[in-house]
Amino acid sequence: MSSSEDTGQLASGADSTLAETTAATAEEERVYVASQWRLVWWRFRRHKLAIVSAVVLGLFYAMAVFCEFVAVTDPDAFDPKYTYMPPQRIRFVDESGFRFRPFVYGTKQTIVNFDITYREDPSKVHQLYLFVHGTPYKLWGLFDSDLHLVGLRDEGGTLFLLGTDRLGRDVLSRMIYGSRISLSIGLVGVFVSLVLGVLIGGVSGYYGGFIDTIIQRVVEFIRCIPTIPLWMALSAALPLDWPPLRVYFGITVVLSLVGWIGLARVVRGKFLSLREEDFVLAARIAGASEWRIITRHLVPSFTSHLIASLTLSLPNMIMGETSLSFLGLGLRPPTISWGVLLQSAQQLSVVALSPWLMSPVVFIVLVMLAFNFVGDGLRDAADPYSR
Amino acid sequence: MLRYFLRRLLYMAVTMLAVSVVTFIIIQLPPGDFMTSYIATLEAQGGILEQAEIEALRFRYGLDQPLYTQYLKWLRGVLRGDFGVSFEWNKPVSELIWGRLGLTFLLSFSALIINWIIAFPVGVYSAVHQYSLGDYVFTGLAFVSASIPHFLIALVLMWLMFKHFGLNITGLFSTKFADAPWSLAKVLDMLKHVWAPLLILGFFGGASLIRVMRANLLDELHKPYVVTARAKGLTESRLIRKYPVRVALNPFVSTVGWALPGLISGTTIIAIVLGLPTTGPMLLRALRSQDMYLAGSFLALLSLLTIIGTFISDLLLAWLDPRIRLG
């Protein structure tokens, strides 16, 4: 969608000086000559919540792409000195009053019977800075850097904004790194589902008849099997000695095996209804080949619907990966994903003592909601001619 | 009606056959066969099988025969109620699953009823009072709870209950009843624990049904027959109850059919989070240890539950809507 070429509000400066009637016709004219995508965009723009959600998603994906930079530290850096440390609060006010630069207090530890308790130490103040040099990393495995978005400049301080886990690793940094896997697995999975769904749904809807009946039965059948047990069974079959990358793709394939069904249904439904339209008949009479009719006439007219259903199936994919990894059947450590992080929050005993280990839930819920709102807005906008 | 019934019955039989094939494939998926795992388990426990014994067992399970013979052999066993042996528990699978399956069914079914009880009036209210404050609140809630994975809700609820009330909501029975035979006291004890999973499944799971009911009723409310009825002076409540709600109910009933797989799915993972003695935790454990006969049987029987559920909802729909049974 060409969001950048926003032509502005309906009545531009020049129009407003003209008589109201002329403005109305000019406005109508604009609607008449607007391309379908422009109409979709206009309709989508009215859904405020969807716009906000789209921005949120944009930020999340930006974070995933630049996670090395956004993260405070290395997600695998562990420190036995700081295990299960609670989140440090960002403060603006201390004894001397308000400070313009935010800071965190240092921590004091007391160890009783191997149990570490942490207390804030107001005598030690560590100020937060933007764009600090910290742990070195290789951005996308290519560029050496040590620049981080937020950090401390003074040595010796710690910055665990969401606390630490069992090994003293920074939960926030791990969540930020996890977003790369969790968010991308949805995209890859949806892509595989898209290919399967369009292919199978297209064949089913375009040819109809016997093939359609068979495919519909298969679809109905897969819908009957409870998704999570099926996902569990399939991903449990992935060999334990696979390298992380192969497990990643294995999981996407497992998720897509169920995911294509929704898309196939959309494609089939659209094919069935569009097949009878006049413009298809016109194209056929004009001598267009089947392939040309499909690719030039049918597919473009339901692409917007397809994008809407894609957006709505993305959260399911992310949910699938999260659930599987959470259960220990999906991705496994040392791979970091939100589901893997939540594994440590499985027992009530752990959660009760260190609830900050549940923080990935916040990210997951935000992303789920955002995807659903955007999908909802897109679905309403997908057919700009209605109403 | 009879023809419709028979056709649906045939579909169901075919689907069940397909489930059995998929289950069998999943049982076969892990590398090696049943015997490899069995021998490994025995060896881990210090036992050693004689070569002759191994051969005898292989013969008994038909592992030396081609795959389709194995499948038929397995299927014949399943039809007789013999689901194979769980080598992790060293018991026949059929001894292990029924109790847990029963609880799963009970839980999913009660959740479904709660879904209905909530979704029906709320959906009707939202549609009749479209764009009112109540509608916005309900649709908003429905949307949010439909978007959040239920096991996360379970996780957070578990923590909140513990933090604020010191309540441990895991499990379905108190420790003293866990292994006790069924009795009135045990049922009462279960009722004390069952509210948490039911709240999550019933309340949050019903969210999508609210949206379905609302959308269906909205489609009906502006049709001419409603206007006619209103023009003839029917009271508003009688009008709504008598006509559009009945029509809007049909898609609602059919939705329930495929809500069931979702519910069973949800029950599985919530049961794991909350440690309920249902199929979920045992399935997970079986899959982890590659106890495939047990895992496969669970998958098959859970699918069976949803297939029967869909079948029943199809029949209900046909009973409600003559266009379907005659079509």
Side-chain angles (χ1 to χ4, degrees), chain A residues 49 217-218 220-241 258 312 315-316 318-320 322-324 326-329 338-339 342 345-355 357-358 360-362 364-373 375-376, chain B residues 11 14-16 18-19 22-23 26-31 143-144 146-149 151-153 155-156 158-159 162-163 168-170 257-258 260-269 272-275 279-280 283-284 286-288 290 292 295-296 298-300 302-307 309-310:
Chain A
L49 211 49
R217 284 284 95 71
V218 173
E220 258 177 47
F221 162 64
I222 300 182
R223 274 166 64 107
C224 272
I225 307 183
T227 322
I228 287 180
L230 181 66
W231 275 343
M232 283 165 69
L234 288 175
S235 53
L238 299 180
L240 285 166
D241 50 359
V258 178
L312 284 171
N316 285 339
I318 297 177
M319 198 276 285
T322 309
S323 331
L324 286 177
F326 172 73
L327 296 177
L329 294 171
W338 293 339
L342 279 179
Q346 252 180 4
Q347 280 107 32
L348 182 59
S349 53
V350 177
V351 172
L353 290 175
S354 27
L357 290 179
M358 288 198 303
V361 171
V362 178
I364 299 168
V365 168
L366 274 180
V367 166
M368 293 282 181
L369 279 177
F371 265 122
N372 275 303
F373 282 130
D376 216 42
Chain B
Y11 280 160
V14 173
T15 319
M16 282 179 180
V19 166
V22 168
T23 310
I26 284 175
I27 289 177
Q28 301 292 326
L29 266 184
F143 197 88
V144 169
S147 324
I148 302 175
F151 78 97
L152 295 185
I153 299 179
L155 206 63
V156 173
M158 189 168 85
W159 174 63
F162 186 80
K163 191 175 169 230
N168 186 351
I169 59 168
T170 56
W258 52 258
L260 209 62
L263 259 178
I264 299 238
S265 242
T267 319
T268 307
I269 189 157
I272 294 169
V273 174
L274 294 180
T279 42
L283 173 65
L284 178 67
L287 284 170
R288 279 223 187 111
Q290 307 230 315
M292 289 323 278
F298 270 134
L299 190 68
L302 287 179
S303 312
L304 213 66
L305 271 184
T306 63
I307 290 170
T310 320

Can you tell me how far apart OG (B:Ser303) and CD1 (A:Ile222) are? Round to the nearest 0.5 Å. 11.5 Å

So, taking the atom named CG in B:Leu152 and the one named CZ in A:Phe326, what distance separates them when rounded to the nearest 0.5 Å? 7.5 Å

Residues 364-372 of chain A, side-chain donor-acceptor partners within the protein, below 3.5 Å, at least two apart:
{"residue": "A:Asn372", "atom": "ND2", "partner": "A:Met368", "partner atom": "O", "Å": "3.0"}
{"residue": "A:Asn372", "atom": "ND2", "partner": "B:Ser147", "partner atom": "OG", "Å": "3.3"}

Can you say whether A:Ser235 sits under 4.5 Å from chain B via the side chain, the backbone, both, or neither, judging by heavy atoms? neither

At their closest point, which heavy atom of A:Pro226 faces which heavy atom of B:Ile264, and how far apart are they? CG-CG2, 3.8 Å

Flag the pair B:Leu155 / A:Met358 as yes when at least one side-chain heavy-atom distance between them is below 4.5 Å, and no otherwise. yes

Under 3.5 Å donor-acceptor, B:Thr15 side chain and A:Phe221 backbone: no

Contact origin within B:Leu284 toward chain A - heavy atom pairs under 4.5 Å: both

Checking heavy atoms, do the side chain of B:Val14, its backbone, both or neither come under 4.5 Å from chain A? neither

Structural part of B:Tyr11 lying under 4.5 Å from a heavy atom of chain A: side chain

Given the options B:Val273, B:Ile272, B:Thr279, which has more heavy-atom pairs under 4.5 Å with chain A than any of the others? B:Ile272

Counting heavy-atom pairs under 4.5 angstrom with chain A, the leader among B:Leu305, B:Val19, B:Ile307 is B:Val19

Give, for atom CD1 of B:Ile269 and atom CE of A:Met319, the distance between the pair rounded to the nearest 0.5 Å. 7.0 Å

Turns out that what part of B:Ala18 lies under 4.5 Å from chain A's heavy atoms comes down to both

What distance do A:Leu329 atom CG and B:Leu283 atom CG have between them, rounded to the nearest 0.5 Å? 8.5 Å

Can you tell me how far the CG atom of A:Leu327 sits from the CG atom of B:Leu287, to the nearest 0.5 Å? 9.5 Å

What's the separation between atom CD1 in B:Ile26 and atom CD1 in A:Ile225, rounded to the nearest 0.5 Å? 7.0 Å

Which atom names give the shortest non-hydrogen contact between B:Thr268 and A:Pro229, and what distance separates them? OG1-CG, 3.6 Å

